[in-house]
Amino acid sequence: KQEVTQIPAALSVPEGENLVLNCSFTDSAIYNLQWFRQDPGKGLTSLLLIQSSQREQTSGRLNASLDKSSGRSTLYIAASQPGDSATYLCAAHASGGSYIPTFGRGTSLIVHP
Amino acid sequence: SQTIHQWPATLVQPVGSPLSLECTVEGTSNPNLYWYRQAAGRGLQLLFYSVGIGQISSEVPQNLSASRPQDRQFILSSKKLLLSDSGFYLCAWSRDRGLGGSPLHFGNGTRLTVT
């Protein structure tokens, strides 16, 4: 059974810092890995999707990498801003005919001015 | 473009009352559909998923049920709510049927409080 772990569970940093959020998964047989952002009381917003054949994806100040062999993905946030404050979740989409993605419990990020 | 609608946004219901939450997707056909629950301080819990009309798979046996009467409509129901049913309910969809490669998209959620 796939298990997804996110470290750290919470992070508080000053504005301007570069950040790395970690996501690890136990079963490397995945189709893709997806990163989400969740603001308090809101749904999840998709940030980046990395296919299993890819090593990384970039969108603006966000860069996500994937290393299937080691079961790890990282989300890099450059020059953090207070507006980046949110919970960040990763989800591993299993291969083998399953339609069920497995989620981590998220990293709660606070960027203070 | 594809959009997902989920309503109501908030709901306060007494214990023992029925529940019906609705989710619809526009701009795509044959989506995979999902119901998740997010309780305070806990992660996302998959409740049900569906790969087609009338096809429902339950991940967690409990007081809830789901139905998919139309291709792009997914309904979460309960006959009698329990206090433990309180939480944030999220509907999601994805395009592919297990072939991978397709992102998951979420609605804005329903905050359910059972009193």
Side-chain angles (χ1 to χ4, degrees), chain A residues 1-7 9-10 23-25 27-54 57 59 62 64 66 68 73 86-108, chain B residues 1-7 9-10 21 23 25 30-52 55-60 68 74 87-113:
Chain A
K1 178 183 177 183
Q2 179 75 273
E3 293 182 4
V4 178
T5 304
Q6 291 188 247
I7 295 173
C23 171
S24 62
F25 46 94
D27 186 350
S28 62
I30 61 171
Y31 277 125
N32 57 51
L33 189 133
Q34 191 171 1
W35 282 93
F36 296 87
R37 168 187 173 135
Q38 186 177 28
D39 294 293
K42 303 294 185 182
L44 279 69
T45 300
S46 180
L47 297 173
L48 291 164
L49 175 76
I50 312 176
Q51 303 292 350
S52 61
S53 58
Q54 298 174 321
Q57 281 286 331
S59 176
L62 304 180
L66 176 64
K68 283 182 58 179
S73 176
T87 297
Y88 292 81
L89 297 98
C90 65
H93 294 228
S95 60
S98 169
Y99 312 112
I100 305 171
T102 302
F103 279 83
R105 299 189 70 168
T107 294
S108 177
Chain B
S1 63
Q2 300 84 23
T3 56
I4 178 170
H5 302 282
Q6 190 178 344
W7 67 92
T10 59
L21 302 181
C23 172
V25 180
N30 298 326
N32 294 336
L33 295 171
Y34 308 80
W35 277 112
Y36 286 87
R37 178 169 60 197
Q38 190 174 39
R42 301 180 61 181
L44 278 168
Q45 179 185 33
L46 179 64
L47 302 176
F48 302 95
Y49 69 95
S50 171
V51 300
Q55 300 179 60
I56 309 295
S57 296
S58 174
E59 288 298 299
V60 183
R68 185 171 177 173
F74 206 22
F88 192 47
Y89 289 82
L90 291 155
C91 180
W93 75 274
S94 65
R95 190 189 306 275
D96 295 334
R97 296 193 175 213
L99 298 178
S102 179
L104 199 61
H105 303 277
F106 281 84
N108 288 329
T110 295
R111 173 73 58 191
L112 172 66
T113 303

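In what follows, chains are A, B, ... by sequence order, proteins preceding strands, each numbered from 1.
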Practice problem: State, to 0.1 Å, how close B:Tyr36 and A:Pro101 come at their nearest heavy-atom pair, and which atoms those are. | Solution: OH-CG, 3.3 Å
Quiz item: Crowded around A:Asp27 CG? As in, over 12 foreign heavy atoms under 6.0 Å?
Solution: yes
Quiz item: Which bit of B:Gln6 is near chain A, if near means a heavy-atom gap under 4.5 Å: side chain, backbone, both or neither?
Solution: neither
Exercise. Could you tell me which portion of B:Leu104 (side chain, backbone, both or neither) has an atom closer than 4.5 angstrom to a non-hydrogen atom of chain A?
Key: both
Self-check item: Side chain to side chain, B:Leu44 and A:Phe36, heavy atoms closer than 4.5 Å
Solution: no
Exercise. Taking all non-hydrogen atoms of both residues into account, name the closest pair between B:Phe88 and A:Gln38 and its distance.
Key: CE2-NE2, 3.8 Å
Practice problem: Could you tell me the separation between the CD atom of B:Gln38 and the CZ atom of A:Arg105, rounded to the nearest 0.5 Å? | Solution: 10.0 Å
Self-check item: More than 12 heavy atoms of other groups within 6.0 Å of A:Gln54 CD
Solution: yes
Quiz item: Can you name the ring-ring contact (aromatic ring centres under 6.0 Å, His included) partners of A:Phe25, sequence neighbours left out?
Solution: none
